[in-house]
Amino acid sequence: MSDSIENTPHKTFWHTALGMTIKIAGIIGATTTLVGFGIQVSDYIGNRKIHTAESNIKTLLAEYYRLDSSGSCSQLSQLFTPLVEDYYDRSNFSHEDIVKDCAHYRNRWAYYRNNIDYTKFVIRQAEDKSYAVTYRLVYRTKKKRQDDWKTFTLLINAEFTPDYKIKAIYEKQQ
């Protein structure tokens, strides 16, 4: 008689139904964790881009109002796209049109002050990566030094290209 050792496969825990269920649950859990982490990273990067865009746009607006108040109309026009869709109450304005309009307005209304209310500053990024911005502006002006100030509270809407050029700016009185 020969002694034979039977070769039967030994079933480990991981090959049982319970073991397979635990492996599948582990894979699903790990995948869910990785996807969730990826979404959080993506949200963080998106928020950082919006924060950077907001900072860039606020800096650009400060420069816009600084150049406007100093009468630097030619430099101010360079903040815009070559053809501006909406420039306050006009459409399709060129850099030359902006320079002329700026100089004409400054000659008529020599004294003024701008105050942006950043608590009402809203920025949205469009699908084409441009930015739409809305903010409140308290605008005070007068023709002559001895005149009383005229005060206007305006809601300004502006649109910026992805490279931060103004492609539209217009106002609504509140």
Side-chain angles (χ1 to χ4, degrees), residues 35-174:
V35 168
F37 179 73
I39 289 170
Q40 286 179 341
V41 167
S42 175
D43 287 348
Y44 172 77
I45 290 170
N47 286 336
R48 199 173 83 206
K49 284 181 183 176
I50 289 295
H51 178 69
T52 301
E54 182 175 330
S55 176
N56 289 341
I57 288 170
K58 285 179 177 178
T59 300
L60 181 75
L61 288 172
E63 180 68 0
Y64 169 76
Y65 289 114
R66 185 190 71 73
L67 291 171
D68 189 38
S69 66
S70 68
S72 302
C73 300
S74 182
Q75 289 176 311
L76 179 136
S77 73
Q78 299 306 305
L79 301 176
F80 290 85
T81 57
L83 189 62
V84 181
E85 295 171 12
D86 291 302
Y87 183 77
Y88 295 99
D89 58 348
R90 296 175 185 94
S91 297
N92 301 318
F93 242 45
S94 68
H95 285 189
E96 295 79 26
D97 295 328
I98 291 170
V99 170
K100 287 177 191 173
D101 187 72
C102 172
H104 178 265
Y105 194 84
R106 285 301 126 233
N107 286 334
R108 186 163 180 225
W109 298 96
Y111 302 94
Y112 68 97
R113 295 182 184 144
N114 295 305
N115 185 19
I116 298 174
D117 179 0
Y118 285 110
T119 64
K120 304 294 182 187
F121 190 88
V122 178
I123 181 171
R124 294 172 305 285
Q125 187 172 23
E127 287 182 25
D128 68 355
K129 305 296 184 202
S130 65
Y131 299 95
V133 177
T134 304
Y135 58 95
R136 188 180 305 165
L137 179 75
V138 177
Y139 179 78
R140 297 173 38 156
T141 189
K142 58 185 178 177
K143 290 182 180 184
K144 299 176 187 169
R145 186 180 308 268
Q146 66 273 15
D147 290 347
D148 290 334
W149 288 101
K150 293 183 180 191
T151 302
F152 304 92
T153 300
L154 306 169
L155 182 64
I156 304 293
N157 296 300
E159 296 174 30
F160 297 83
T161 63
D163 62 344
Y164 305 108
K165 292 286 188 177
I166 304 169
K167 67 179 183 177
I169 189 166
Y170 50 96
E171 63 188 46
K172 296 180 183 178
Q173 281 192 344
Q174 292 187 337

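Along the sequence shown, the residues carry numbers beginning at 1. The analysis underlying the following values was restricted to heavy atoms, covering all of them including side chains, and did not include hydrogens, waters or symmetry mates. Worth saying up front: this structure is predicted, and the values here are computed from it rather than measured.
Proximity of V138 to D117: side-chain heavy atoms (C-beta onward) are nowhere separated by under 4.5 Å. Looking only at side-chain heavy atoms (C-beta outward), R113 and W149 come within less than 4.5 Å of each other. Two residues are said to be in side-chain contact when any heavy atoms from C-beta on lie closer than 4.5 Å; T161 and T81 meet this criterion. Contact annotation: the side chain of T134 never approaches that of I156 to less than 4.5 Å [non-hydrogen atoms, C-beta and beyond]. Looking only at side-chain heavy atoms (C-beta outward), L60 and F160 come within less than 4.5 Å of each other. Between Y87 and I169, the closest side-chain pair of non-hydrogen atoms falls below 4.5 Å.
The two atoms that bring S74 and V99 nearest to each other are CA-CG2, 3.7 Å, heavy atoms only. The shortest heavy-atom contact between V133 and I123 is CG2-CG1, 4.0 Å.
Surrounding CD of Q146 are more than 12 heavy atoms belonging to other residues, nucleotides or ligands, all under 6.0 Å away.
Atom CD1 in I98 sits 9.0 Å away from atom CD in Q78 (nearest 0.5 Å).
For I116, the side chain to side chain contact (heavy atoms under 4.5 Å, CB included) partners are L61, Y65, Y118, Y135, L137, not counting sequence neighbours. Taking S70 as the reference, S72 meet the side chain to side chain contact (heavy atoms under 4.5 Å, CB included) condition, with sequence neighbours excluded.
The pair R90-D101 meets the salt-bridge criterion, since a charged nitrogen lies less than 4.0 angstrom from a carboxylate oxygen. Between K58 and E54, at least one side-chain nitrogen of the basic residue sits less than 4.0 Å from a carboxylate oxygen of the acidic one, meeting the salt-bridge criterion.
Taking the six-membered ring wherever Trp is involved, the centroid distance between the rings of Y131 and Y164 falls below 6.0 Å.
Using a 30° and 60° split on the angle between ring planes, Y64 and F80 fall in the perpendicular class, above 60°.
Cation-pi contact between K142 and W109: absent, since separation from the ring centre below 6.0 Å together with deviation from the ring axis within 45° is not met.
R140 and Y111 share no side-chain donor-acceptor pair at under 3.5 Å. Using a 3.5 Å distance cut-off with no hydrogens or angles, the side chains of D97 and S94 do pair a donor with an acceptor.
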